[in-house]
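In what follows, residues are counted from 1 in the order of the sequence shown. Heavy-atom basis, side chains included; hydrogens, waters and symmetry copies ignored. For ligands, and for the atoms within them, numbers begin at 1 and follow the listed sequence.
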Amino acid sequence: MTLGIKLEDVAVEFDGHIALSVTELNLSAKSIAVIGSNGSGKSTFARLLNGLVKPTRGAVTVSGVNPDTKTTGFLFSNPDLQIVMPTVFEDVAYSLTNQKLSKDEVRTRVESALTAVGLIELQEANCHTLSSGQKQLLALASNIVREPKVLVADEPTTLLDLPNTKRITKLLHSLPLEQLVIVTHDLDLAATADEVIWFDAGQVKQVGKPATVIPAYRKHFE
Ligand SMILES: Nc1ncnc2c1ncn2[C@@H]1O[C@H](COP(=O)(O)OP(=O)(O)O)[C@@H](O)[C@H]1O
Ligand SMILES: [Mg+2]
């Protein structure tokens with residue numbers, strides 16, 4: 001049983017302006033898509049889930065704990081923001097810094113993460129020589145090597161072409177996670193989730209099955 005994502009009486013304010021306000025939310029589906037217009041609070045919600053944003057008021061729990069970067073991995077749209085080391089292998093290994101693992105354990109975990117995303121052949125490559133699709137796969141490997149329970153991806157396919165979007169979508173759904181949260185404007189991608197949450201002006205407008213929420217969302221903007 002998954003403990004899920006729970007928000008209780010949560011508000012997030014920036015400079016006195018309420019960016020997000022949620023009375024009660026319980027998400028227990030395996031995969032969740034987050035949709036809504038620009039500025040509706042999607043990224044604020046996503047960042048609450050790994051503790052990057054702290055609630056001004058209320059309580060958030062993810063898999064039964066206060067959000068932190070150990071429980072929740074995070075994938076940005078722009079992988080350049082997540083690449084910190086010169087080579088592919090080093091970049092993924094860097095994510096294991098401070099985990100007190102032996103060199104052999106690090107190698108095994110990095111190789112397994114790179115194999116999972118299909119980048120093992122490029123482990124010695126310079127990160128800057130990778131295509132944007134490959135960079136996003138690298139950022140994904142750097143996340144999964146830490147074995148998070150939950151992965152939040154904030155518009156992970158925005159910079160990708162159709163084949164790479166399909167590849168990342170398939171990979172995200174195949175990861176051994178308790179929950180996957182995908183923030184996206186791509187309604188085809190949103191439709192791959194078990195549950196969809198629609199944010200509007202910092203509030204939850206609707207939560208439900210993709211077959212219910214996505215047509216309602218489209219209709220709202222007709
Ligand atoms: N760090 C921040 N400082 C000030 N305002 C912010 C910050 N992050 C988000 N906001 C504001 O909060 C609102 C929601 O933003 P965001 O969650 O990024 O929306 P979305 O991801 O749906 O486009 C917007 O009005 C945005 O300007
Ligand atoms: Mg955003």
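The environment of Lys30 atom NZ is dense: over 12 non-hydrogen atoms of other residues, nucleotides or ligands sit within 6.0 angstrom.
No hydrogens or angles considered: nothing links the side chains of Asn126 and Thr129 as a donor-acceptor pair under 3.5 Å. At a cut-off of 3.5 Å, with distance as the only test, no side-chain donor of Thr184 or Glu155 sits close to an acceptor on the other residue.
In this structure, Phe221 and Tyr217 have perpendicular ring planes: the angle between them is above 60°, well past the 30° mark.
Although no hydrogens or angles enter the test, the distance criterion places no donor-acceptor pair under 3.5 Å between the side chain of Ser31 and the main chain of Ala193. Looking only at distances, no side-chain donor or acceptor of Thr157 sits under 3.5 Å from a matching main-chain atom of Leu160. In this structure a side-chain-to-backbone donor-acceptor pair under 3.5 Å is present from Glu105 to Ser102. With Thr61 contributing its side chain and Asn66 its backbone, the two residues share no donor-acceptor pair below 3.5 Å.
Between Lys42 and ligand 1, at least one N/O pair is under 3.5 Å apart. When only interatomic distances are considered, the shortest N/O to N/O separation between Ser40 and ligand 1 falls below 3.5 Å. On a distance-only criterion, Gly41 and ligand 1 share at least one N/O pair closer than 3.5 Å.
Residue, atom and distance of the protein heavy atom nearest to atom 17 (O) of ligand 1 are Thr44 OG1, 2.6 Å. Of all protein heavy atoms, the one lying nearest to atom 4 (C) of ligand 1 is Phe14 CB, 3.3 Å. Shortest contact from atom 25 (O) of ligand 1 to any protein heavy atom: His17 NE2, 4.0 Å. Residue, atom and distance of the protein heavy atom nearest to atom 24 (C) of ligand 1 are Gly39 O, 3.9 Å.
Between Glu147 and Arg109, at least one side-chain N (NZ, or NE/NH1/NH2) sits under 4.0 Å from a carboxylate O, which counts as a salt bridge.
For ligand 1, the atoms sitting less than 4.0 Å from at least one non-hydrogen atom of Ala19 are 12 (O), 13 (C), numbered in the order shown with element in parentheses. Close approach of ligand 1 to Ser43 is summarised as follows: ligand atoms under 4.0 Å from at least one heavy atom of the residue are 17 (O), 18 (O), 20 (P), 21 (O). Atoms of ligand 1 found under 4.0 Å from any heavy atom of Asn38 (numbered from 1 in listed order, with element): 23 (O).
Note that atom 6 (C) of ligand 1 has protein non-hydrogen atoms nearby, at separations under 4.0 angstrom. Counting only heavy atoms, the protein gets under 4.0 Å from atom 1 (N) of ligand 1.
Taking 2.8 Å as the criterion, Ser43 counts as a coordinating residue of the Mg ion (ligand 2), since one of its N, O or S atoms falls below it.
Contacts between Ser37 and ligand 1 below 4.0 angstrom, taking non-hydrogen atoms only, involve the backbone exclusively.
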